[in-house]
Amino acid sequence: MPALYSARRAASTRRAALPLLLRFPSFSTDRAMIADCREHAMTNAESKQQSKPQTAITPTRADNYAEWYQQVVRAADLAENSPVRGCMVIKPWGYAIWEHMQRVLDGMFKATGHVNAYFPIFIPVSFLEKEAAHVDGFAKECAVVTHHRLTADKNGKLIPTGELEEPLVVRPTSETIIGASFAKWVESYRDLPLLINQWANVVRWEMRTRLFLRTAEFLWQEGHTAHATADEARVETMKMLDVYADFAENFMAMPVIKGQKTEGERFPGAVDTFCIEAMMQDRKALQAGTSHFLGQNFAKASDIKFLDQSGTLQHAWTTSWGVSTRLVGALIMTHSDDDGLVLPPKLAPAHVVIMPVLHKPETAQQVMDYCQSLAKELRGLTYAGVPVRVELDTRDIRGGDKVWGWIKKGVPIRVEVGPRDMEADSVFMGRRDKGHKEKSAVKRADFLASVTAILDEIQNSLFERAKAHRAQHTQKVETKDELVRYFTPKKAGSDNEPTEIHGGFALARFAMDAAAEAKLKDDLGVTVRCIPLEGSDDPGPCVLTGKPATKRVVFAKAY
RNA sequence: CGGGGUGUAGCUCAGCUUGGCUAGAGCGCUUGCUUCGGGAGCAAGAGGUCGCAGGUUCAAAUCCUGUCACCCCGACCA
C-alpha cells in the first residue's frame, strides 16, 4: 500500500506540475488530464520509493521520527486521540501492554513490602498550598473543579452551578492528599514504616501532548512511604529506584542509567530526586521513572508526626516514586522499527500468534484442529513465570494482511500452519527481531521444546540491541565547543520540518552550576539528565564554566 | 501561550488561487466470480452535515470573520 508519506510527496509533485499544464487552453481543466497528471506523479513517487526497501510504516524513523512514532502507535492499534483535548483513548492492545507492566511492577512492590490503597482524585487547593515548592511546580498545570451541579437554561444548555466553597484540584500527584491520611495513621514509631502504593490516573494540563509520552491525563502508579529516620527513607528511595531499573532492563529490555537529578530538574518539594534515564532511537533521553527522598518537607506540610522510642515527638521522613503509561511510549521508541511495533516478550500481550493457512476446504478442519492443539500445548508452557500467551488468528482475511498486521503489532513469534506443514508435522516460524522474510520450517516438537528459549533469546537480543545503540551514541565531551557541536544539527529544521536526528548522551564534567545549566537549556535545548550513581567520579574542569568539577554527568536533549 | 501548517468518505489525499452541473481518486469496506504458502485480479455496490458557527452572494468545500481540533518549531513541563 503506498501509504501516507509517498502520497504526500506525490501531492506536492502534482501541485507543481498542474499550473504549467493549465496554461494551454486546449487542455483546460479536463478531468482526464488531471487524472493523467496524477498518475505521472504517482509513478515518480513510486519509482523513487523502490530505491529504498519498502516498509510497513511510512515515514521511516530516519525520514521523520515524530511522525513515525505516531504511525507506529496507530498501526499497532495502541491508542488514539479522544474528543477531549490532550487526552488519549488507550485501545485494547495498548492497554494490554500496560496491564502486563502493572502486573509485573505490582508484584515487585508487594515483594518489597508495599500494599495498595486508593485516595481521592480531588484535592482541595488548600492542600496543594501547604508545600511552597510544590505549589510552584504544579500550579500552572492544574485542572480545577469549581462547581458540583449542572442546570439547564432555556435552550437546554447545561450551565455549571452550585459553586464549591473550596475549589478542588484534579490530582496532578498525591503527596498532599495521602499526607493527610498518613497524618492520621501515624502516631507511634510502631506505625512506621508505612509503605503504600496507589494505581491511579492523574491530570496535568500540558501545552503540547503526544500519545503516551505526554498527555493531559495519564495512568500511573505512585508509591508513598513514611519512615522513622532519614536513613531508612533514603534506603527506601534507592530500593525503589533499583526496582524500576530492574523492571526497565529485565522486562522492558530497555537499558537505563540510574542517577540523581540536579537542582533544576528536581521534583517540586523533594530534597533529592533520583531517576532512570533511557535513550530513545532518536537519541533523545526519556525519564522512565523517578524516586524522591522528600525529607521532612511533606511531613511538616501534612503534619505527619510520631512519638519515637525516647518519647520525643518528631516528623516522619517520606518518599514517593512513580512510573506511568509513558513507559509504553518508551517501549515503542526503544525497540520498534520501520515495520512497526517490536515488543519484548516479557511484556507482549501475545508471545506467539498462530495463523492457520486454510485455503483448501477439505483440509481446513484438520489444520484448525492441529492449530488448536498446538495453541493448547503452548499455553501449557511457562515463560517468565506465566503461561505462554497465544493468539490463534482464525479471521477470514488474506494471509498477507494477517501476517503484516501482527508484524505491526509487534508479536515476538509468528507461526503459520498450513496443510503442508501439518503433513510434515511442522510449523513455519518467523521472529519479530529478525527480517520478515527470514522464516523457516520447524518440527512441531522442536518448536514446542524451544519456544520459551526463543522468547528469551528475543528478549535478550532486544536488550543487547538497545544497549549497543546507546553505546554508539554516548561519548565523553571535554570542551564547551565540542558540546555545542555535538548537539547542533547539521541542517536546522525549518518552520515545518522536523529537526534531523543528532546528538546523543554527552558525558561531561559539570560543576553543578544552576545558572550555567539554565543557559545551556536556553541556548541548545540540552539539559543535565542525571548525575549517574555509578562511575561518574572524574575530577577536572567543568565543561560549561571551567570551574573544578568532581563528576561527569549526562547531558542530552530530552522528552 | 507565540510562529507555521492542516482539517473534504473508515484511511491517505485531490478539488479552493479564479465561487457555478449530482463533490472526486486510491486504499479499505460489502457482494459475486477467479486466485490462493500470501500485503491478489475482475465486476458490481455501500459510504460525505466538505471540522464547527456566523457573514458576503442569485449561488460557498471554494471568499471573509470567529471558533475548535490535530501536526511541526518554540515557550512551558518529571
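When the nucleotides rG37(B), rA69(B), rC1(B) are ranked by their closest atom to the side chain of Arg85(A), rA69(B) comes out on top. The side chain of Arg210(A) sits closest to rC72(B) out of rC11(B), rC72(B), rC76(B). In the set rG39(B), rC76(B), rC70(B), rC76(B) carries the atom at the smallest distance from any side-chain atom of Met207(A). Of the candidate nucleotides rG37(B), rC77(B), rC73(B), rC73(B) has the atom lying nearest to any side-chain atom of Arg208(A). For Ala56(A), counting side-chain heavy atoms from C-beta on, the closest listed nucleotide (rG39(B), rG37(B), rC77(B)) is rG39(B). Among rC72(B), rC76(B), rG39(B), the nucleotide with an atom closest to any side-chain atom of Lys408(A) is rG39(B). Side-chain proximity of Gln70(A) to rC72(B), rG39(B), rC1(B): nearest is rC72(B). If you check rG37(B), rC77(B), rC73(B) against the side chain of Pro419(A), the one that comes closest is rG37(B).
Rounded to a whole Å, the CG atom of Asp401(A) is 13 Å from the C1' atom of rC36(B).
Ring centroid separation for the pair Trp321(A) and Phe109(A) comes in under the 6.0 Å cut-off. Proximity of the aromatic rings of Tyr486(A) and Phe555(A) is defined here by a centroid distance below 6.0 angstrom, and this criterion is not met.
Only the C1' atoms considered, rU49(B) is 30 Å distant from rG4(B), to the nearest whole Å. Comparing rA59(B) with rC21(B), their P atoms sit 15 Å apart, to the nearest whole Å. With C1' as the reference atom, rC13(B) and rC58(B) are 33 Å apart, rounded to whole Å. Atom P of rG41(B) sits at a distance of 8 Å from the matching atom of rG28(B), rounded to the whole Å. Using C1' as the reference atom, rG74(B) and rU12(B) are 29 Å apart when rounded to the nearest Å. Spacing of P atoms, rU6(B) relative to rC64(B), comes out at 13 Å, to the nearest Å. Taking atom C1' on both nucleotides, rA61(B) is separated from rA53(B) by 16 Å, rounded to a whole Å. With C1' as the reference atom, rG32(B) and rG26(B) are 22 Å apart, rounded to whole Å.
Heavy atoms of Ala558(A) sit nowhere under 4.0 angstrom from any nucleic acid atom. Here Glu141(A) lies in heavy-atom contact (under 4.0 Å) with sugar-phosphate atoms only. Counting any heavy atom pair closer than 4.0 Å across all strands shown, Lys437(A) reaches no nucleic acid atom. Note on His292(A): a base of the nucleic acid sits closer than 4.0 angstrom, heavy atoms only. Among the protein residues, Gly86(A) comes within range of the sugar-phosphate backbone only, with heavy atoms under 4.0 Å from sugar or phosphate atoms but none that close to a base. Using a 4.0 Å heavy-atom distance criterion, Val403(A) is classed as making no nucleic acid contact.
Between the side chains of Thr527(A) and Arg529(A), at least one donor N or O lies within less than 3.5 Å of an accepting N or O. Between Thr237(A) and Ser291(A), the side chains place no donor N or O within less than 3.5 Å of an acceptor N or O (distance only, hydrogens not considered). Defined by atom type and a distance below 3.5 Å, a donor-acceptor pair is missing between the side-chain atoms of His224(A) and Ser320(A).
Pair assignment for rA59(B): none, as no Watson-Crick or G-U wobble contacts are both less than 3.5 Å. The nucleotide rA40(B) finds its pairing partner in rU34(B), both defining distances of the Watson-Crick or G-U wobble pair being shorter than 3.5 Å. Nucleotide rC27(B) forms a Watson-Crick or G-U wobble pair with rG10(B), both donor-acceptor distances falling under 3.5 Å. Under the Watson-Crick and G-U wobble criteria, each requiring two contacts below 3.5 Å, nucleotide rG2(B) is paired to rC73(B). Summarising the base pairing, rG48(B) is matched to no nucleotide, lacking a Watson-Crick or G-U wobble pair whose two defining distances lie under 3.5 Å. Figure legend. rG54(B) is base-paired to rC64(B); pairs are counted as Watson-Crick or G-U wobble with both atom distances under 3.5 Å. Pairing for rU17(B) is absent, with no Watson-Crick or G-U wobble pair whose two atom distances lie under 3.5 Å.
Taking only distance into account, the side chain of Arg398(A) never meets the base of rG39(B) through a donor-acceptor pair shorter than 3.5 Å. Under 3.5 Å, the side chain of Arg214(A) and the base of rC77(B) form at least one donor-acceptor pair of N or O atoms.
Phosphate contact (OP1/OP2 of rC36(B), side-chain N/O of Arg420(A), threshold under 4.0 Å): absent.
When side chains are defined from C-beta on, Met333(A) counts as touching Tyr65(A), because their heavy atoms get closer than 4.5 Å.
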Would Arg326(A) and Thr215(A) satisfy side-chain contact (heavy atoms from CB on, under 4.5 Å), going step by step from the backbone distance to the final call? CA-CA 9 Å; Arg326(A) 186 180 225 205; Thr215(A) 47; over 6 Å; no
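When the nearest nucleotides of RNA chain B are assigned to Cys87(A) and Ser320(A) by heavy-atom distance, the more 5′-ward of the two goes with Cys87(A).
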